[in-house]
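One structure is given here, and the rest of the page talks about it.
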Amino acid sequence: MKTMIKLASIYAMALLLLASCGKSPHDQHNHGKAEGDNPNQVLYNQVMDIHDEVMPKMEDLYKLKKKMEEEIAQAPNLTEERKRELEGLIAKLDSANLAMMDWMHEFNPLPDSANQEDAREYLENEMERVKKVREKMLDAIKEVQQKVQPE
């Protein structure tokens, strides 16, 4: 029973996080509106496009993790090898989730009044970081889907 309450709490937090992602302080940069004169705005939009591409995958991470936790809990005859495999896959999902959470928490673009060269450099670095987050998330999901039986 405690496990179910814990899972429900985690699920509720995940849904709240997904809902809160709709509007953020980053929206001040006109995400989705390219400004022809401002290459930094275009770069910002590209960074946010990658974020927007993988953010919905957070729910996939949660569902896959829940499925594996249920397999561990509901299969008393589970071999130690399979249990270790599932626990390793759960750890990969958790790591991918944490990478996205860390990136979102740390992403803080410079204001429009900042030095444009500094802003460009910051956004280029963030582009590389968010690409790594995307790769980590997609790789984790793919690996888990290959190793876990569909419902």
Side-chain angles (χ1 to χ4, degrees), residues 1-34 40-111 118-151:
M1 184 67 173
K2 287 182 182 181
T3 303
M4 292 302 290
I5 292 171
K6 187 176 179 181
L7 288 173
S9 297
I10 292 170
Y11 185 69
M13 287 188 305
L15 288 177
L16 183 61
L17 176 66
L18 287 172
S20 70
C21 210
K23 294 288 179 196
S24 73
H26 308 307
D27 289 342
Q28 68 186 347
H29 288 270
N30 302 319
H31 176 48
K33 298 177 185 172
N40 287 345
Q41 182 63 49
V42 172
L43 185 55
Y44 172 85
N45 291 346
Q46 291 170 344
V47 168
M48 292 309 298
D49 286 345
I50 292 172
H51 164 269
D52 293 349
E53 170 193 339
V54 293
M55 188 61 202
K57 304 278 185 204
M58 295 290 282
E59 187 172 349
D60 295 342
L61 293 175
Y62 171 78
K63 286 179 180 179
L64 289 167
K65 178 179 177 178
K66 180 180 174 191
K67 184 175 183 177
M68 288 183 295
E69 288 173 337
E70 287 173 355
E71 182 177 341
I72 291 170
Q74 296 175 359
N77 297 331
L78 196 63
T79 66
E80 275 302 311
E81 181 181 340
R82 178 66 175 161
K83 183 177 179 184
R84 279 193 306 275
E85 178 183 35
L86 291 172
E87 289 170 343
L89 293 171
I90 289 170
K92 284 185 182 213
L93 293 174
D94 286 343
S95 178
N97 180 53
L98 184 59
M100 175 58 106
M101 300 302 263
D102 286 348
W103 182 83
M104 289 188 305
H105 179 72
E106 295 167 3
F107 182 64
N108 190 18
L110 299 173
D118 290 343
R120 182 190 55 75
E121 185 177 332
Y122 177 82
L123 290 169
E124 286 173 349
N125 289 333
E126 290 305 300
M127 176 66 83
E128 291 307 310
R129 286 185 65 212
V130 76
K131 283 180 178 180
K132 289 177 184 174
V133 168
R134 174 179 62 188
E135 182 178 344
K136 189 171 196 167
M137 288 180 68
L138 296 177
D139 287 350
I141 290 169
K142 182 179 178 182
E143 182 177 353
V144 170
Q145 287 174 335
Q146 290 172 346
K147 294 183 179 181
V148 175
Q149 299 294 331
E151 291 182 28

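Remember, predicted model here, so these are calculated numbers, not experimental data.
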For this session: Apply side chain to side chain contact (heavy atoms under 4.5 Å, CB included) to M101 and M58, showing your working.
Result: CA-CA 10 Å; M101 300 302 263; M58 295 290 282; 3.6 Å; yes
Exercise. Hey, mind stepping through K67 and E70 against salt bridge (charged side-chain N to carboxylate O under 4.0 Å, His left out) and telling me if it holds?
Worked result: CA-CA 5 Å; K67 184 175 183 177; E70 287 173 355; over 6 Å; no
Between atom [atom1] of [X] and atom [atom2] of [Y], what is the distance when rounded to the nearest 0.5 Å?
{"X": "W103", "Y": "M55", "atom1": "CH2", "atom2": "CE", "value": "10.0 Å"}
{"X": "D49", "Y": "Y44", "atom1": "CG", "atom2": "OH", "value": "10.0 Å"}
{"X": "K92", "Y": "I141", "atom1": "NZ", "atom2": "CD1", "value": "13.0 Å"}
{"X": "M127", "Y": "R120", "atom1": "CE", "atom2": "CZ", "value": "12.5 Å"}
{"X": "K131", "Y": "E126", "atom1": "NZ", "atom2": "CD", "value": "13.0 Å"}

Quick one: closest heavy-atom pair of [X] and [Y], and the distance?
{"X": "L93", "Y": "L64", "value": "CD1-CB, 3.8 Å"}
{"X": "Y122", "Y": "E106", "value": "OH-O, 3.6 Å"}
{"X": "S95", "Y": "K136", "value": "OG-NZ, 2.7 Å"}
{"X": "V133", "Y": "A99", "value": "CG2-O, 3.7 Å"}
{"X": "N40", "Y": "A119", "value": "ND2-CB, 3.6 Å"}
{"X": "I72", "Y": "L78", "value": "CA-CD2, 3.8 Å"}

Exercise. Does some side-chain heavy atom of F107 sit less than 4.5 Å from a side-chain heavy atom of V47?
Worked result: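 In contact.
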For this session: Would you indicate whether the side-chain heavy atoms of R134 and K57 approach each other to under 4.5 Å?
Result: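 When only atoms from C-beta onward are counted, R134 and K57 do not touch, as no gap falls below 4.5 Å.
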Problem set entry | Worked check of side chain to side chain contact (heavy atoms under 4.5 Å, CB included) between D94 and L98 | CA-CA 6 Å; D94 286 343; L98 184 59; over 6 Å; no
For this session: Start with the C-alpha distance between H51 and M100, add both sets of side-chain angles, then the distance that settles side chain to side chain contact (heavy atoms under 4.5 Å, CB included), and finish with yes or no.
Result: CA-CA 9 Å; H51 164 269; M100 175 58 106; 4.1 Å; yes
Problem set entry | Neighbour count above 12 (heavy atom, 6.0 Å) for E121 CD | no
Would you mind checking if [Y] and [X] are paired as a salt bridge, meaning a charged N to carboxylate O distance below 4.0 Å?
{"X": "K132", "Y": "E128", "value": "no"}
{"X": "E59", "Y": "K63", "value": "yes"}
{"X": "E81", "Y": "R84", "value": "no"}
{"X": "E143", "Y": "K147", "value": "yes"}

Problem set entry | Exercise: do N45 and Q41 side chains pair donor with acceptor under 3.5 Å | yes
Exercise. For M137, which of N97, V54, D60 qualifies under side-chain contact (heavy atoms from CB on, under 4.5 Å)?
Worked result: V54
For this session: Output, in order, the C-alpha distance, side-chain angles, deciding distance and verdict of side chain to side chain contact (heavy atoms under 4.5 Å, CB included) for T79 and K83.
Result: CA-CA 6 Å; T79 66; K83 183 177 179 184; over 6 Å; no
